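Input: a single structure, listed below in structure tokens.
As a basis for the values below, the full set of heavy atoms in this structure was taken, side chains included, without hydrogen atoms, waters or symmetry mates. Being a predicted model, the structure only gives us computed values, none of them experimental.
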Amino acid sequence: MGAAPSSPGHSEKRPAETAEYLVGTFVGEKSFPLGSDFWQKLLELPLHLRWPADRVREACQLFAQNNSCTRHLAKILIHLAQCLQECMSVSGAPLAAYVKASNAAYISSVFLKHLIENAQSNSVEELYLSLNASEPIPPDFVVDQNVEHLVMHNVLKFIGLVDVSPNTCSLHQELLNFLFVALSTQLLYAPTPGPTDMNPFIDAVMTQESSLVTMVVHRLLLNYIMRPRIALNVGTYPPFGEAGQPGVLQRVGSAAANLVLLPFNYLVSSNGQGVRNPLAECSLHVLLILNYYRKCNPGDESITDTSDDSGTSDSFSKSFVENPYCKALENMRDIDLDRVDIEKNAHNPSVVRLPFASLFDTLGMCLTDETAALLLYTLLNGNSDFLEYVLVRTDVDTLLMPILETLYNTSRRSSNHIYILLIILLILSQDSSFNASIHKMILASVPWYQEHLLHQTSLGSLMVIILIRTVKYNLSKLKDLYLHTTCLATLANMAPHVHRLSAYASQRLVSLFYMLSRKYNKLAERIDEKRGKGGLVEENDLALDMSAELHIYADFLRIVLEILNAILTYALPRNPEVVYAIMHRQEVFQPFKSHPRFNELIENIFLVLDHFNSRIDAQKEDGEWSVEKVLQLIISICRSWRGEGMKMFTQLHFSYEQESHPEEFFAPYIWRLTFSQCGYTFDPSAIILFPPDLPLVMQEGEEGEQTTRHENGELKHHDVLLDV
């Protein structure tokens, strides 16, 4: 393969020799016209023959050398578009048509990927996506067609229009794989979109008509919801190959050439969660890649090109071309709700309509998966209808329980996964009805929680316990400022609506204050020790860092005190366990009673302590007080509590606002998830979108200690804005 092939007599040659000749001809120097029967023979080639990886690499290299003259990439892309058109033009197209289209998609993917990975510059001209002026043109082909627009239009049209069935399943999968390759030009640029970025295939996807965009988004989400498990007809077209016997081009995937699109380990779960569904997961990844793609507005003169490689957007302002896929997700509606008389969307082809109930249930089953969590975040943050739907569900535990269990296992998850889940909880906690309803839902048990037996505890109490546990873990391991802020903001939103908080949750809340107060006091003591004779802290980096850290812990302590104040001010009669926990550890509040930064927030706590202490002391009791007796007395006193003398503070209310340039985090993040979960690979030395040497998932050190490296950029640095 690669040398000038001799013409075989097809009737006399074995399939391997025929394949050798056809692929060798495809990558060779000779250019075959678009209408040549060579293309039909190539596309009918069975891809189940075995070639060594080094020969496939050689073929790719020869193809790259000769493509500028042969224009075979443009031609096979045109044939892919024509094959797809044939599949769509006939109702119940023959299986052979789907096989040809699958072959065209697969061969295009392999060689296009090599060209993208090895591009010497960021110019689209290197792909040679146009035909030579002297090229003989078939009568059914329009000369001035844009090849990338033509092929992407037909790929998207097939995905959106043709149902997944036993005959079409493998083609649907190959087209999703092809999309990964075609969209991967994004990997060649920095996270901050620039006016000179060249993404011909993604840009072609973005310029499709709205009705087609709607169909594609609908199909990709439907694939994710329905998770079709259709046996592939490996006798006719083996897109995945069999274990130990990969096909001619499939074999390359497990070799150094990294050309495979679906390796065998994709078909079995590596985390014990059962068999994965390639079609569903690839559909979701493609959708998210499209949703978070941003293209700079070429007419915006405010964009200034910079030579800075920092990838930040602080130095210049940008405007973007509207992303129709993002808009389609934001405007998606529940198919089970009749909105005809209000918005007249029922028959509007530009509105995606899906069963929210099915989407809700699917997300509930998959939320331990990082990409599912990202989809839920995307919908809750961007689609007000879906957010409203989630908030009115009476079984919100379907989503919350897997989220809380994942947060419980923080050390095994990536920092970004944890942070996305915390933002989801913050978004939900902005709704008062949600905060009230979670305390009415009682859980018989929580078997995965190991530190304490949780029996007949409310979902709200469990959420408080897990958020506090996350803060404590973060204090000891990660020391992530924004993770603290998000957890405490969610607790602050929940506080006024707390109802019958469990004893264990109440103890954890007071324990959190004690833990933060110890950190604060130790820092204050260290700063005092460094004060000079004049009473000033030495002006060095360490002193400044310590001073800044002291202010941070002071803010955290104030938020916890605000949380306690909100419970005592607005919900004390309903929370005797909180009163008991404060009384039991009342000494931890004493050092802050006269502290100028905290005394006003401590006043209410001591007013409550004085009220309950005096009434309990007034009770004559022979022998020792038992916990049960004290608690019963507190419950009795709570019934007559009127809150006289309590200082009323404005309730803290934190809201989440996505940063103005979310693509700077999400584009690298989604691509790394695609590499991890969809088996897609790319030459690390060619990647600019993110540092390829960073770990894809959070690594663990000895005894499970988590490292502090954050993959895919730092979401915590720029993606959450909390407004009080």
Side-chain angles (χ1 to χ4, degrees), residues 367-368 370 373-374 376-377 397 399-430 434-435 438 443 446 448-452 454 457-495 498 501-502 504-519 552-553 555-557 559-560 562-564 652 654 656 697-698 700 704-711 714-717 719-720 722:
L367 272 179
T368 53
E370 207 161 345
L374 187 52
L376 178 58
Y377 160 81
D397 57 311
L399 297 182
L400 285 188
M401 288 303 287
I403 290 176
L404 296 177
E405 183 176 1
T406 303
L407 291 174
Y408 177 78
N409 295 307
T410 294
S411 62
R412 304 177 197 170
R413 304 292 177 175
S414 76
S415 60
N416 286 334
H417 190 187
I418 295 304
Y419 205 69
I420 289 291
L421 294 177
L422 290 175
I423 293 175
I424 289 171
L425 295 182
L426 176 58
I427 292 172
L428 294 175
S429 74
Q430 293 169 198
F434 167 83
N435 293 324
I438 57 176
L443 307 171
V446 186
W448 45 262
Y449 194 90
Q450 300 296 312
E451 288 87 342
H452 187 86
L454 299 180
T457 191
S458 70
L459 181 59
S461 292
L462 178 62
M463 187 166 161
V464 169
I465 291 167
I466 295 299
L467 286 170
I468 292 173
R469 187 179 184 275
T470 304
V471 171
K472 289 188 172 184
Y473 178 84
N474 185 50
L475 278 171
S476 62
K477 300 290 184 181
L478 304 180
K479 301 182 179 2
D480 183 331
L481 167 65
Y482 291 86
L483 189 148
H484 282 325
T485 305
T486 308
C487 289
L488 295 177
T490 305
L491 288 169
N493 287 346
M494 295 170 63
V498 166
L501 195 67
S502 71
Y504 184 63
S506 302
Q507 294 163 17
R508 294 293 85 198
L509 188 56
V510 175
S511 175
L512 174 62
F513 176 82
Y514 177 62
M515 185 178 186
L516 290 170
S517 67
R518 288 185 61 191
K519 295 275 188 182
I552 289 170
Y553 277 104
D555 289 340
F556 288 159
L557 278 172
I559 294 176
V560 175
E562 293 262 18
I563 291 168
L564 291 170
L652 285 181
F654 291 83
Y656 171 74
V697 294
M698 189 65 80
E700 292 185 5
E705 182 177 352
Q706 199 171 41
T707 67
T708 57
R709 298 178 71 183
H710 296 269
E711 71 281 14
E714 300 283 351
L715 171 62
K716 61 192 179 103
H717 279 178
D719 261 295
V720 63
L722 296 167

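Here the straight-line distance linking atom CD of Q430 with atom OG1 of T490 works out to 8.5 Å at 0.5 Å rounding. Note: L509 CG to I563 CD1 = 6.5 Å, rounded to the nearest 0.5 Å. L501 contributes atom CG, which lies 8.0 Å from atom CE of M494 (distance to the nearest 0.5 angstrom). A distance of 9.0 Å separates SG in C487 from OH in Y419, rounded to the nearest 0.5 Å. Distance check, rounded to the nearest 0.5 Å: NE2 of H484 to CD1 of I552 gives 9.0 Å. Atom CD1 of residue I465 and atom CG of residue L407 lie 13.5 Å apart, to the nearest 0.5 angstrom.
Across S502 and S461, no two heavy atoms sit closer than the pair N-OG, 3.1 Å. Residues I438 and N435 approach most closely at CG1-O, 3.4 Å, considering heavy atoms. The two residues V560 and F513 come nearest to each other via the heavy atoms CG1-CB, 3.8 Å.
In this structure, the side chains of N474 and I418 stay at 4.5 Å or more apart for every pair of heavy atoms. Under the 4.5 Å side-chain criterion, counting only non-hydrogen atoms from C-beta, L400 is in contact with L428. L399 places none of its side-chain heavy atoms less than 4.5 Å from the side chain of I424. The shortest distance between side-chain heavy atoms of R508 and L512 does not fall below 4.5 Å. N409 is not listed as a side-chain neighbour of T368, based on a closest heavy-atom distance of 4.5 Å or more. The side-chain heavy atoms of L516 and L475, taken from C-beta on, include a pair separated by under 4.5 Å. Using a 4.5 Å heavy-atom threshold, the side chains of L367 and E405 count as separate. At least one side-chain heavy atom of L459 sits less than 4.5 Å from a side-chain heavy atom of L404.
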### Message
Run M401 and L443 through side-chain contact (heavy atoms from CB on, under 4.5 Å) and show every step you take.
### Response
CA-CA 10 Å; M401 288 303 287; L443 307 171; 3.9 Å; yes

### Task
In sequence, state the C-alpha distance, the side-chain angles, and the governing distance for I420 and E370, and then conclude on side-chain contact (heavy atoms from CB on, under 4.5 Å).
CA-CA 9 Å; I420 289 291; E370 207 161 345; over 6 Å; no

### Message
Determine whether V471 and F556 satisfy the following criterion, side-chain contact (heavy atoms from CB on, under 4.5 Å), listing intermediate values before the conclusion.
### Response
CA-CA 11 Å; V471 171; F556 288 159; over 6 Å; no

### Task
Report the C-alpha distance between L483 and L422 in whole Å, list the side-chain angles of each, state the deciding distance to 0.1 Å, and finish with yes or no for side-chain contact (heavy atoms from CB on, under 4.5 Å).
CA-CA 8 Å; L483 189 148; L422 290 175; 3.6 Å; yes

### Task
Give the C-alpha distance, both sets of side-chain angles, the deciding distance and a yes or no for side-chain hydrogen bond (donor to acceptor under 3.5 Å, both in side chains) between E451 and Y504.
CA-CA 11 Å; E451 288 87 342; Y504 184 63; 5.9 Å; no

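In this structure a side-chain-to-backbone donor-acceptor pair under 3.5 Å is missing from E562 to A492. Here the side chain of S429 pairs no donor or acceptor atom with the backbone of N493 at under 3.5 angstrom. Side-chain atoms of Y408 come within 3.5 Å of backbone atoms of Q450 as a donor-acceptor pair (strictly under, hydrogens ignored).
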